[in-house]
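Notes to accompany the following structure.
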Amino acid sequence: MNIKNVVVIGSGTMGSGIAAQLCNANIPVTLLDLKTDISEKAKKKIFESRPPLLIDKNKIDNIKVGNIEDNFDLVKQADWIVEAVVERIDIKHNLYEKISKVRKSDSIISSNTSTIPLKVLSQKMLEKDKKDFCITHFFNPVRYMGLLEIVSEKINDTKKINFLKTFCEESLGKGVIICKDTPGFLGNRVGVYAMQVAMTEAMKMKLSIEEADAIFGRPMGIPKTGIFGLYDLIGIDLMADVLKSFIKELPTSDVFHEVAKEIPLVKNLIETGYTGRKGKGGFYRMNKQDGKKILEAINLNNGKYSISKKIDLNIEDKISLKDLVSRKDKYGEYAWSVVSKIILYATSLIPNVSKDYNNIDEAMRLGFNWTRGPFEMLEELGVKYFVEKDKQLQLNEFIKNLYDKKIDSFYGKRQIYTDLETLGKVKQLAKVEKDNSSAFTYEYKNYKIVEFNTKANTLDYDSMDALKKASDKHLIIINEGMQFSAGVNLNYVMEFAKKKDWKAIEKFIHHFQMTCKQLKYSENLVISAPSGLALGGGFEVLVQSDYVVSHTNIVTGLVETLVGLIPAGGGTKELLWRWIETKEAKEDPDFAPQKVFDIIGYGKTASSPVEAKPFKFLLEKDKSIMNRNKLLSVAENLINEKKNGYKSPKRPIFKLSGNQVRDKMFQTLENLFKENKIMEHGMEVGKKLAFVLSGGNTNINKELSEDDMYALELEAFIQLIQMEKTQARIKHTLSTGKPLIN
Ligand code: NAI
């Protein structure tokens, strides 16, 4: 068996997402819909999508389009036929009948349904088709969500299912969990239940939506959209349909029913077009006042909107789950109420829905981006604590059994759904140092691992300490959280800026530089294995490593100018050196500085390794990997391949033309200013960047060392951070999560 040709039927949100991911894997795919017009438009949407569904836009023609009347014959050649049409059983049954007539006998058919049981889908199929039919439940957006649930039955050809699993793991990069045919499978069964509990408890406890989102978000290890933000993102109408199907499919004894009842406020939102972000707004909406966009939040009691309030929970950056649920205020009560219900529900699903509780946790990580699943939450709280905290809880067999046997820590292995040697598994086996508050260091085999451990993995003095210390062995810098690193911790920098403690900032940046220098020149190999954001300072760590083994979904770039700073951890110098080594730069000494001036000045970013290479954010020697779970083993193999005879890189010598190229850059800035594309502060930032990239007070015959370049970066950074305008930009970014434009 092989999958070399795929037909996806239905070119809506999911069909086009699946087709795009196949295209990313270099597999030719045809998208069929009712009319070619529809699939043609879908293809255009794939091309233009933001964040992009395609890793490499040049590959778009891997996707062909057509319609189910004229082009159905294409199904004949398909190795895999994916059905992703609307959630209507009659339409799906008709299609399967048509597919059955033409498909190859060794092909696989799958449905992307999220709510219809496999046995209902396959009801009318011939035995020979049932054998080759399963559910492949992808999550939206397909490129970015890690989870794929494959639902199969006893009748299935196990070899084929296993083949499909491996294909989806290897080629499509998914975390594939094989599930039983039970309503909502694993991810949605627990995830949607959790959302409903979070919503109904907030209403019961009279919390505002901002308060609920502030708790049922980062403090609980859940993405910051929280519950109401997530509802808006998914679509309130879509959620209503999903709930209806749970009500239909689940036995009345299932406690899901308690939280799935129709809520008048929600019904009203849907009826008035407030279906979430795709509609007029939802629980949150954007309104315009005096020409300014204002975020508003709904009042759960009366359905009226008012300006959304920022909630200060008075919580440290990292709070343990136990500290959170034992807080003696409404927030603690809400957290406990929600967490305890989710744990009770998830544990009640063992063994009928899944015999492997670990798969439920991993489904929550991969499908909902939780940092830990309900079983890990129980393990963290401790079974004894959980049971004794609230004597009213209706315990189930799973918990009773652990409690009676006095087993407090029960967890065992992680990520049992895959045979790969993942970071999650290795973390359980390795020797760990947790004394650093910003990063954990693990020691395993012949190397160390550093995993940053702050909000969005932003970097501070301690992060650098961890890296510096760990470079006494071969080192892999890798993360399980969503982001490799969103950059330097600006809150940390601003604390010093508020006190005008410029010396402290200087000390930190210098430490950052010297750490990166150490990474680059240590006698050991340093490999960055990023996924998610690797921006600003995060990118500077990556770019000064020996090799990068990156997930295909990384976002890279130096974005410091957007907050009125310049990259000063060696990023400006390193990118400049990469461009100095080009053919063009050999002919024109001003080519590289100008090129880098453009890239850093505009804060350009790349959303995949393919996009990163033209900027030289990544080089040919670096590797990119579709399956995130493989990053660690590929990095480990690279260490073993390169370690014998490894020599740290040669130290660069910079010959830059100083004033000569700086004048050209200043001219560019003048023009942008005249065209109102940048303001005065933008000019200042641009000039500082130009000063560094031109080598400062130098000329083309003078040689500058890497340390000279570091010194120029540092000086520019300190001058910029002292500017009120820069500080205002940083404050704006910290409070809104977005840069201030102009
Ligand atoms: P959609 O409404 O965006 O797209 C459905 C597409 O199917 C439309 O382009 C429609 O023209 C086409 N279609 C309808 N009848 C057809 C037929 N007879 N032949 C060919 N094309 C036909 O729907 P969406 O959201 O992409 O959902 C597709 C499937 O994926 C559904 O089964 C849904 O339950 C499931 N799903 C949806 C998720 C989501 O987040 N939207 C997540 C996971 C699963």
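Heavy atoms only: backbone and side chains are in, while hydrogens, waters and symmetry mates are out. Start at 1 and go down the list; that is how both ligands and their atoms are numbered.
In Ile9, the part holding a heavy atom less than 4.0 Å from any atom of ligand 1 is the side chain. Here Asn140 has side-chain heavy atoms under 4.0 Å from ligand 1, and that is the only part of it that gets that close.
Within the 3.5 Å criterion, the main-chain N or O of Ser245 finds no donor-acceptor partner in the side chain of Glu249. Between the side chain of His137 and the backbone N or O of Ser111 there is no donor-acceptor pair closer than 3.5 Å. The backbone N or O of Pro52 sits less than 3.5 Å from a side-chain atom of Arg143, completing a donor-acceptor pair.
Atoms of ligand 1 lying under 4.0 Å from any heavy atom of Glu87, numbered from 1 in the order shown and given with element: 31 (C), 32 (O), 33 (C), 34 (O). Below 4.0 Å from some heavy atom of Val86 lie the following atoms of ligand 1, by number and element: 2 (O), 5 (C), 7 (O), 14 (C). Distances below 4.0 Å separate heavy atoms of His137 from the following atoms of ligand 1: 43 (C), 44 (C). Ligand-side atoms of ligand 1 in range of Ile91: 15 (N), 18 (N), range being under 4.0 angstrom from any heavy atom.
Among Gly235, Gly12, Ser245, the residue whose heavy atom sits closest to atom 1 (P) of ligand 1 is Gly12. Remark: among candidates Thr136, Thr113, Val85, Val142, the nearest residue to atom 29 (C) of ligand 1 is Val85, based on non-hydrogen atoms.
Phe138 counts as a contact of ligand 1, since one of its heavy atoms falls under 4.0 Å from the ligand. Close to ligand 1: Lys92, with a non-hydrogen atom less than 4.0 angstrom away. Proximity of Thr115 to ligand 1 is not established, as no heavy-atom distance is less than 4.0 Å.
Not one N or O of Leu95 is nearer than 3.5 Å to an N or O of ligand 1, by distance alone. Between Asp33 and ligand 1, at least one N/O pair is under 3.5 Å apart. Remark: ligand 1 and Asn112 share an N or O pair separated by less than 3.5 Å (distance only, no angle test).
You'll find the ring centres of Tyr357 and Phe398 inside the 6.0 Å limit. Aromatic rings from Tyr96 and Phe133 are positioned such that their centres are separated by under 6.0 Å.
Within the structure, the salt bridge (Lys or Arg N to Asp or Glu O under 4.0 Å) test picks out no pair touching residues 20-39 (sequence neighbours left out).
Between Phe139 and Phe368, the angle of the ring planes goes over 60°, which puts this pair in the perpendicular group of the 30/60° scheme.
The nearest heavy-atom contact from the protein to atom 37 (C) of ligand 1 is Met14 CG, 3.3 Å.
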Q: Determine, step by step, whether Lys104 and Asp132 satisfy the salt bridge (charged side-chain N to carboxylate O under 4.0 Å, His left out) criterion, reporting the C-alpha distance in whole Å, the side-chain angles of both residues, the deciding distance to 0.1 Å, and the verdict.
A: CA-CA 11 Å; Lys104 300 195 287 191; Asp132 295 339; over 6 Å; no

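Across Leu344, Asp361, Thr347, Val339, a single residue satisfies side-chain contact (heavy atoms from CB on, under 4.5 Å) together with Pro374, and that is Asp361.
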